[in-house]
Number of protein chains: 2
Amino acid sequence: MKRMTDRQLRSAFNAAGLRLTRQRLLICRELAGRYDHPDVEHLYRAVKPRMRQMSLFTVYRTMNALESAGMAWRVATWKGHARYDGNVETHAHFLCEKCGRIDNVAAHDACREMASQAQKCVEGSVRRVEMMIVGECVACQTAAAGA
Amino acid sequence: MKRMTDRQLRSAFNAAGLRLTRQRLLICRELAGRYDHPDVEHLYRAVKPRMRQMSLFTVYRTMNALESAGMAWRVATWKGHARYDGNVETHAHFLCEKCGRIDNVAAHDACREMASQAQKCVEGSVRRVEMMIVGECVACQTAAAGA
DNA sequence: TTATGTGCAAAGGGTTTGCCTATAC
DNA sequence: GTATAGGCAAACCCTTTGCACATAA
């Protein structure tokens, strides 16, 4: 999600037919400030201390709403957990299969190529493009070598 | 999975420390003959009539084994179902968010670019690259327009 | 022969849904 | 004021695991 004032965020929500509640505002702010592509559980744990009555269910529902509105992307599933990204522009990720770490990747050329080609390659409509490099991160490689 | 004789398939399994059982053979053959990226349930339904004692659990375990061995890829998750592909070369997919249809996509240039760049873009090791175009297929667009 | 895989049942765990209350518009 | 969202609990459903038996090597 791009840097937005509360007012801009409210407009974005309303344009999507959604209301901007205090819970949703807090979740959006948390997601926008993160680059680790958190799952629902992590978002909940980060946000709960700042709002006592925040519930895990609300985070689930908020993420579904954001995804439907195109304001956030479900970028991967790791060990059954959905992982989210507030950055809704075509960009690539690296997923470590061992620890689940997801990094942004600067594969600009490939992303440009894919973004520009996507619509020509398919019959239907294109909503977004996901590019993921799957492997093992350095930390896990080091740990495995040491063990 | 490439076209293989039973003998070649057995060698591939054994090289991965796996045994080629009648169940696994049947599942592999089914997966190799499909281009719709089936989930476990669909594989099971296709294979069950040809082997009475085949169990759903075995399909789950077989797919996990194939994935670990790099003989099949879990290419997407749709509505909580893991979807599999026997073709383990870098290629792109189109996923229809409405109906879950997954097609192969001929985005050769982008795939080549991504495959050649991937290792340069990340610190860790690269196991595979997934490229997915997400949108709505023509059938669903038509259905929506007609409704 | 012996480690590996299968079948079954039951548990596990992330996610969704129904209902009532609270709140954004 | 009214439709929408939150809170809670219970249900859902895909998937995994433990154990005894079967089987590939």
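Chain identifiers are assigned alphabetically (A, B, ...) following the order of the sequence lines, protein sequences preceding nucleic acid strands; residue numbering begins at 1 within each chain. All of these numbers come straight from a predicted model, not from anything done at the bench.
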Gln53(B) vs Arg52(A), nearer the 5' end of DNA chain D by closest nucleotide: Arg52(A)
Could you give the CH2-to-P distance, from Trp78(A) to dG13(C), as a whole number of Å? 14 Å
What integer distance in Å separates Asp39(A):CG from dT16(C):P? 13 Å
Salt bridge (charged side-chain N to carboxylate O under 4.0 Å, His left out) for Arg74(B) and Glu97(A)? Distances and angles first, verdict last. CA-CA 12 Å; Arg74(B) 187 187 298 229; Glu97(A) 280 185 325; over 6 Å; no
Do any side-chain nitrogens or oxygens of Arg10(B) fall under 4.0 Å of OP1 or OP2 in dA25(D)? yes
Distance-only, no hydrogens or angles: does the His81(A) side chain make a donor-acceptor pair with backbone N or O of Asp39(A) under 3.5 Å? no
Ignoring hydrogens and angles, tell me if any N or O in the side chain of Lys98(A) forms a donor-acceptor pair with the backbone of Cys137(A) under 3.5 Å. no
Minimum-distance nucleotide to Leu20(A) side chain [options: dC25(C), dA25(D), dT6(C)]: dC25(C)
Listed nucleotide nearest any side-chain atom of Phe57(A), set dT16(C), dG5(C), dG7(C): dT16(C)
Look at the side-chain N and O atoms of Thr21(A) and state whether any lies under 4.0 Å from the OP1 or OP2 oxygen of dG6(D). yes
Write down the distance between CG (Leu18(B)) and C1' (dA3(C)), rounded to a whole number of angstrom. 13 Å
Is the backbone of Ala92(A) close enough, under 3.5 Å, to the side chain of Glu130(A) for a donor and an acceptor to pair up by distance? no
Please verify the inter-ring angle class for His91(B) with Trp73(B); under 30° counts as parallel, over 60° as perpendicular, anything in between as tilted. parallel
For atom NZ of Lys79(A) and atom P of dC14(D), their distance in whole Å: 21 Å
For Ala65(B) against Arg24(B), the heavy-atom pair lying closest together: CB-NH2, 4.3 Å
In whole angstroms, how far is the P atom of dA24(D) from the CG atom of Asn14(B)? 12 Å
Nucleic acid contacts of residues 58-72 of chain A, taken as heavy-atom distances under 4.0 Å to DNA chain C: Tyr60(A), Arg61(A), Asn64(A)
Would you kindly give the CZ-to-P distance between Arg24(B) and dT4(C), to the nearest whole Å? 11 Å
Here the distance between atom P of dA5(D) and atom CG of Leu25(A), to the nearest Å, is 15 Å
Heavy atoms only: give me the nearest Glu113(B)-Ser116(B) pair and the separation to one decimal. O-OG, 3.1 Å
Any Gln23(B) side-chain nitrogen or oxygen under 4.0 Å from OP1 or OP2 of dG7(C): yes
CG of Leu9(A) versus P of dA24(C): gap in Å, rounded? 14 Å
If you assign Arg19(B) and Ser55(B) each to the DNA chain C nucleotide with the nearest heavy atom, which residue ends up on the more 5' nucleotide? Arg19(B)
